[in-house]
Amino acid sequence: MYLMTASFLLLPVIKFATSFHIPVQQISSSMLRLSSTSPTVVPSSPVKIKLLISDTGGGHRASANSLKAAFLSRYPDRVTEESIVIDDIYVDHSPQWSHFSNFPGIYKFAASQPDLVWKNVYEIGEDVDILRQFNDCLTYHICREGWTECLTKMSTEDGDSPDVIISCHPLTNTVPITLLEEAAERSGKGKDKRSPFYTVCTDLNSAHRTWFDERCDGVYVPTEGLRKKALSLMTPSNNGGDKLRKIGLPIREGFWSLSDSQTSREEQRKQALEELELDTGKRLVVVIGGGDGMGKVAAIAENVAEMVDEMGFQLVVICGSNKKLLSDLKTSINHPSVRLLGFVNNVHTLMLGASILITKAGPGTLAEAAATGTPTICTSFLPGQEAGNVDLVVDGGWGCFCSEDDPANIKSTVKTWLTQPQSFFEEMSEKAKADGNPQATLQIVEDIGSRIGI
Ligand code: UDP
């Protein structure tokens, strides 16, 4: 989801804009500048933490929520529910007349046209520096006032400034850091004394370059692929390497205890099926389309559901917030072995109970599948942003790719897998777990906590 604006802007417009002293240069040079020292921090009590997101897809808010929960769990005496604020800086702090306030809607549209719209917009932002810079410039000028207020105050009621800002979105890094530096300079402290700023990358194995601004004080990435990319954009001479931590993707509290468990995956699976009041004697296949129930979930579910009796398994379809999908499926599928659900809060239990997960290659869902050791069939990916996630699954040996455009192939893959011995599932589970980190959220929070002196 990048450069929605720039897709309709032409180079002459950029030249025109830059001739009016819009600080394109100031922002574009952000990849080259670095505060020589990290900002000094004296955390207040309770420690005030601001998490920046844009609600594009379910993953960014889900990650921010999990980080908040981890701070509350790890530092119960230092933070409170109220001292950690999650802000959708685009929707809540951009001028209402601007398209920035409708980012989630624009994302939904772009993601629904992956090859036509998304791919081009993403690639332009990745490859064409001047367009990316122009978008930053536009964001800076249109959103400066509202965003500065968001970045320098906890809320309109609480005028205190945050002790630390944590970005969980690729488009909440460069401009916010520039605005924070400006605010610190204006206050006479000097830009090196801006609030500490950390980025927690919530993409998995492909990520847009906008995630990585080396002026930030620390970047957290989940995989080796992203560690390499981040390093290439954060020059070692500026301590890029020291700032970088490869820990994992922040996932919800329900997943945190998994690595403590002495129980085998098979026992966990049966316990989960019991908890879900499903048949412990049958394998469970789960279909999910991200938080918004995106992609061809209906066609996939209908195809797979056709063989529940023949193959003797049970099926759960999670539609997320997509109410239309749920009501359509309720009309097309009516079988006692098929459970159709809307947005659920127990994805961790459903994944643990599953022998097979069928999903788009969303970073959150795949990180959760890895943490629970769930063999996975990926059915689609957003070009650029999610392509590497499919590689992670396939190269990691814990699943395959079957396009959602060929649901019959998905059905036959499920059928083949269901005829495999137990060892087939156990091997894939072990490989999935090798790519997952159920404790990632707590570890990231502890690392940030130690860096800012909580
Ligand atoms: N999710 C959930 N309940 C649902 C459907 C999805 O909690 O009913 C969660 C899912 O567990 C994952 C997130 O939504 O954490 C989806 O994130 P992902 O990055 O996979 O896809 P996105 O929705 O951001 O495109």
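Every number for a ligand or one of its atoms is a count from 1 in the order of the listing.
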Which is it for [X] and ligand 1 at heavy atoms under 4.0 Å: side chain, backbone, both or neither?
X: E368; value: side chain
X: V344; value: both
X: T365; value: both
X: Y107; value: side chain
X: H60; value: neither

Check this for me, if you would: do [X] and [Y] make a salt bridge, where the nitrogen-to-carboxylate-oxygen distance has to be below 4.0 angstrom?
X: K229; Y: E126; result: yes
X: E123; Y: K119; result: yes
X: K324; Y: D328; result: yes
X: K431; Y: D435; result: no

For [atom], closest protein heavy-atom neighbour:
atom: atom 18 (P) of ligand 1; result: G364 N, 3.6 Å
atom: atom 24 (O) of ligand 1; result: G59 N, 2.8 Å
atom: atom 22 (P) of ligand 1; result: G58 N, 3.6 Å
atom: atom 5 (C) of ligand 1; result: G290 O, 3.6 Å

**Message:** Using salt bridge (Lys or Arg N to Asp or Glu O under 4.0 Å), reason through D217 and K243 one step at a time and then give a plain yes or no.
**Reply:** CA-CA 6 Å; D217 301 297; K243 292 178 173 198; 5.2 Å; no
**Prompt:** Which residues satisfy the ring pair (Phe, Tyr, Trp, His ring centres under 6.0 Å) test with H348, sequence neighbours excluded?
**Reply:**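 Ring pair (Phe, Tyr, Trp, His ring centres under 6.0 Å) list for H348, sorted by chain: F255.
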**Asked** Hey, does K360 come in under 3.5 Å of ligand 1, counting only N/O atoms on both sides?
**Response**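 Right, the criterion is met.
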**Item:** Rounded distance (nearest 0.5 Å) linking atom CZ of F197 with atom CG of L180
**Value:**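 The CG atom of L180 is 7.0 Å from CZ of F197, to the nearest 0.5 Å.
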